[in-house]
Every structure is written in structure tokens, then in C-alpha cells.
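A quick write-up on the structure given underneath.
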Amino acid sequence: MSAVAGKPSAPPRMRTSVVISVLDQAWLSAANLLLGVFLIKNSSKEEYGSYVLGYAIILFLVGVQNALVSTQMAVLAPGRSASEQARFCSGLAIGQFLIFIPAVLIIALVGLVLNWNGAANGSGLAYAIAISLLGVILREFFRSYFFLRLRPAAVLFLDIVFVALLFGGLWAAVQMKFASINIAALVVLGFASMIVGLASVFMARDELSVKLADIPPALKETWQQGRWALGGVTVTWLQDQSYIYL
């Protein structure tokens with residue numbers, strides 16, 4: 001192995017993986033920028049602000065997922081045997097929905113209460129978040145999983161498909177003159193994420209073994225460390241996102 005300044009160089013596969021990961025992040029960053037421009041041009045100021053607020057709520061829940069599931073998986077899984085790693089990741093893949101399905105139901109209930117009180121815009125936003133959340137959570141989990149398995153090319157491919165579905169759906173919403181483009185954007189985000197998430201499940205079907213008995217120990221183990229990160233996630237989110245409300 002060659003050395004530079006006394007240090008061994010990274011193997012070719014590692015260098016390729018790093019390049020692909022950087023390209024993936026650049027691709028998503030460009031897509032987020034274009035999404036913002038698209039919404040600014042095709043929605044009112046109120047609609048755009050409403051979308052940003054809804055997306056901020058989704059980001060907070062993704063942060064909760066990172067604290068309790070994804071980060072813990074990245075830290076705890078590598079030291080296990082292949083079979084133990086498969087059981088651990090499978091338990092987290094299914095078990096995370098025990099956390100987020102109640103969150104979806106609570107958000108939908110908030111939308112119902114807002115609708116009863118005549119706040120149609122607020123209720124529509126809550127329903128859109130509820131519809132989007134599970135798809136976003138599924139996609140984000142498998143992005144972390146494929147990085148853990150050293151398959152960044154799979155992540156890049158799936159993110160390319162995701163962006164194509166996202167903008168295809170937004171274009172369709174504009175062509176159909178959807179009344180609330182902010183609501184449409186969140187719903188399209190959820191459906192695009194769900195399609196990519198299900199495709200990820202198919203791609204990982206031979207690696208993961210689904211056993212309900214693996215769920216409680218996996219969640220219990222990640223909770224021991226992840227609970228300490230929840231406070232940091234909440235404070236950081238409030239610092240970064242609370243200005244949106246103002």
C-alpha cells in the first residue's frame with residue numbers, strides 16, 4: 001500500500017465510496033434548492049411559509065429518528081456478526097414504526113381538531129404531515145442502512161429516483177392546478193419517499209430477516225443511548241427552526 005507523509009492511502013473502494021457519498025449529498029442539496037425555487041414561483045408567500053413550517057416539523061421527527069434509531073444503528077451494528085447485525089437492523093426497521101405511527105395519529109388528531117375549529121389551512125397542513133411522515137421515515141432509515149452496509153451507490157441511485165418522483169409529482173400538481181401547492185408538495189414528498197422506501201425494502205430483502213421477537217431488544221438497546229441525544233435534537237431544532245414560526 002502506498003503512503004503519503006507516512007500515512008497509508010485509502011483503498012480504491014473507500015475513495016470511490018467517499019466520492020459517491022459527496023455526489024449524493026450535492027445532488028440532494030441541489031434538489032432542495034430547486035424545490036425552494038419551484039415553490040416560491042408557484043405558491044403564495046403564505047403557502048410557502050406554511051410548507052416550510054410543515055417541513056420543519058418533519059425534520060424534527062427525522063431528528064428523533066436519527067437520535068433513537070439511525071445513529072444508534074450506525075454505532076452498534078458494525079461490531080456484530082452478520083446474522084446478529086441482520087436481526088438488529090431488522091428489529092429497528094420495524095420497531096421504529098412503534099414510535100412514529102403514534103406520532104402520525106397524534107398529528108392527524110391535531111388536524112381533526114383544527115378542522116372542527118374552522119382552521120382549514122392548519123388542518124390541511126397537519127394531514128399532509130401525517131400522510132408524509134411514514135414514507136420519509138422509511139426512506140431515511142434505508143439511506144442510513146445502505147451507508148452502514150457500504151453501499152453508497154445504492155443510496156445515490158435511490159436518491160436520483162426520489163428527486164425524479166418528487167419533481168414529477170410537483171409538475172403534475174401544477175398542471176392540474178392543485179389548490180394548495182404547499183399541501184401538494186408535502187403529500188408528493190411523502191409518496192415519493194414511500195415508493196423509494198419500498199424499493200429499498202425490496203433491495204435489502206435478502207439481507208434482513210423479519211422477526212417480531214427481535215424488535216423489543218433492538219429498541220431497548222438503542223433507547224439506552226439514544227434518549228440522551230433527544231434533548232440535544234430538540235434544542236438544536238428549536239434554535240435552527242423556531243424563527244420560521246415568527
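Everything numeric in this text was worked out from a predicted model, so none of it was measured.
Heavy atoms only, all atoms of each residue included: F141 and C89 are closest at CZ-O, 3.5 Å. Listed here is the closest heavy atom pair of I129 and G54: CD1-CA, 3.7 Å. Scanning both residues, A77 and L148, for their nearest heavy atoms gives CB-CD2, 3.7 Å. V163 approaches A31 most closely through the heavy-atom pair CG2-CB, 3.7 Å. Heavy-atom minimum distance, I183 versus A128: CG2-CB, 3.9 Å. When every heavy atom of A103 is checked against every heavy atom of L133, the shortest pair comes out as CB-CD2, 4.4 Å.
Relative ring orientation between F167 and F38 is described as perpendicular, the plane-to-plane angle rising above 60° on a 0-90° scale split at 30° and 60°. Using cut-offs of 30° and 60° for the angle between ring planes, the Y145 and F142 rings count as perpendicular.
Checking side-chain atoms of S123 against main-chain N and O of L114 turns up no donor-acceptor pair under 3.5 Å. With hydrogens and angles ignored, the 3.5 Å screen pairs no side-chain donor or acceptor of T71 with any backbone N or O of A67. Side chain of E207 to main chain of A204: no donor-acceptor pair is present (N/O by atom type, distance under 3.5 Å, no hydrogens or angles). Between the side chain of N115 and the main chain of G111, no donor-acceptor pair closer than 3.5 Å is present. When atom types are taken as modelled, the side chain of W27 and the backbone of D159 share a donor-acceptor pair closer than 3.5 angstrom.
One finds the CD1 atom of I181 at 7.5 Å from the CD atom of E47 (value rounded to the nearest 0.5 Å). Rounding to the nearest 0.5 Å gives a distance of 11.0 Å between CG of L68 and CZ of R227. To the nearest 0.5 Å, atoms CD1 (I101) and CD (Q96) are separated by 10.0 Å. Rounded to the nearest 0.5 Å, atoms CG (N66) and CG (L61) are 11.0 Å apart. The CZ atom of F88 lies 7.5 Å from the CD atom of Q72; values are rounded to the nearest 0.5 Å. Atoms CD and CG, from Q85 and L208 in turn, are 9.5 Å apart once rounded to the nearest 0.5 Å.
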Full working for side chain to side chain contact (heavy atoms under 4.5 Å, CB included) between L150 and S17: CA-CA 8 Å; L150 302 181; S17 296; 5.6 Å; no

Intermediate values then yes/no, side chain to side chain contact (heavy atoms under 4.5 Å, CB included), V62 and I58: CA-CA 6 Å; V62 170; I58 292 175; 4.3 Å; yes

Stepwise side chain to side chain contact (heavy atoms under 4.5 Å, CB included) check, F100 with V64: CA-CA 10 Å; F100 292 106; V64 172; 4.3 Å; yes

From CA spacing to verdict: side chain to side chain contact (heavy atoms under 4.5 Å, CB included), I57, L125: CA-CA 11 Å; I57 295 172; L125 182 64; 5.7 Å; no

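For the pair T234 and F60, the minimum side-chain heavy-atom distance is below 4.5 Å. Residues M194 and L134 have side chains in contact (heavy-atom distance under 4.5 Å, counting atoms from C-beta outward). Contact check for L138 versus F97: side-chain heavy atoms found under the 4.5 Å cut-off. For the pair V136/L189, a side-chain contact is recorded, criterion being any heavy-atom separation below 4.5 Å from C-beta on. Side-chain contact between L170 and F178 is absent, with no heavy atoms from C-beta onward closer than 4.5 Å. In this structure, D24 and P152 have side chains that are not in contact, with every pair of non-hydrogen atoms separated by 4.5 Å or more. In this structure, the side chains of L158 and M203 come closer than 4.5 Å at one or more pairs of heavy atoms. Side-chain contact between R205 and V201: absent, with no pair of heavy atoms (C-beta onward) separated by less than 4.5 Å.
Annotation: side-chain hydrogen bond (donor to acceptor under 3.5 Å, both in side chains) contacts of S50 (sequence neighbours excluded): N182. In this structure E221 satisfies the salt bridge (Lys or Arg N to Asp or Glu O under 4.0 Å) test together with R80, sequence neighbours excluded. In this structure Y48 satisfies the ring-ring contact (aromatic ring centres under 6.0 Å, His included) test with no other residue, sequence neighbours excluded.
Transitive grouping of hydrophobic side chains (ILVMFWY, heavy atoms separated by less than 4.5 Å) brings L156 and L34 into a common cluster. Grouping the Ile, Leu, Val, Met, Phe, Trp and Tyr side chains by contacts below 4.5 angstrom, directly or via other members, places V52 with Y55. Neither W171 nor L35 shares a network with the other; the hydrophobic side chains, linked directly or stepwise wherever heavy atoms of I, L, V, M, F, W or Y lie under 4.5 Å apart, form separate groups for each. By the rule that hydrophobic residues join a cluster once side-chain heavy atoms approach within less than 4.5 Å of another member, L59 and V69 end up as members of one cluster. Under a hydrophobic clustering in which Ile, Leu, Val, Met, Phe, Trp and Tyr are joined whenever their side-chain heavy atoms come within less than 4.5 Å, directly or via other members, V196 and L23 fall into different clusters.
Within 6.0 Å of CZ in R143 there are more than 12 heavy atoms belonging to other residues, nucleotides or ligands. For N121, the CG atom counts as loosely surrounded, since its 6.0 Å shell holds 12 or fewer non-hydrogen atoms of other residues, nucleotides or ligands.
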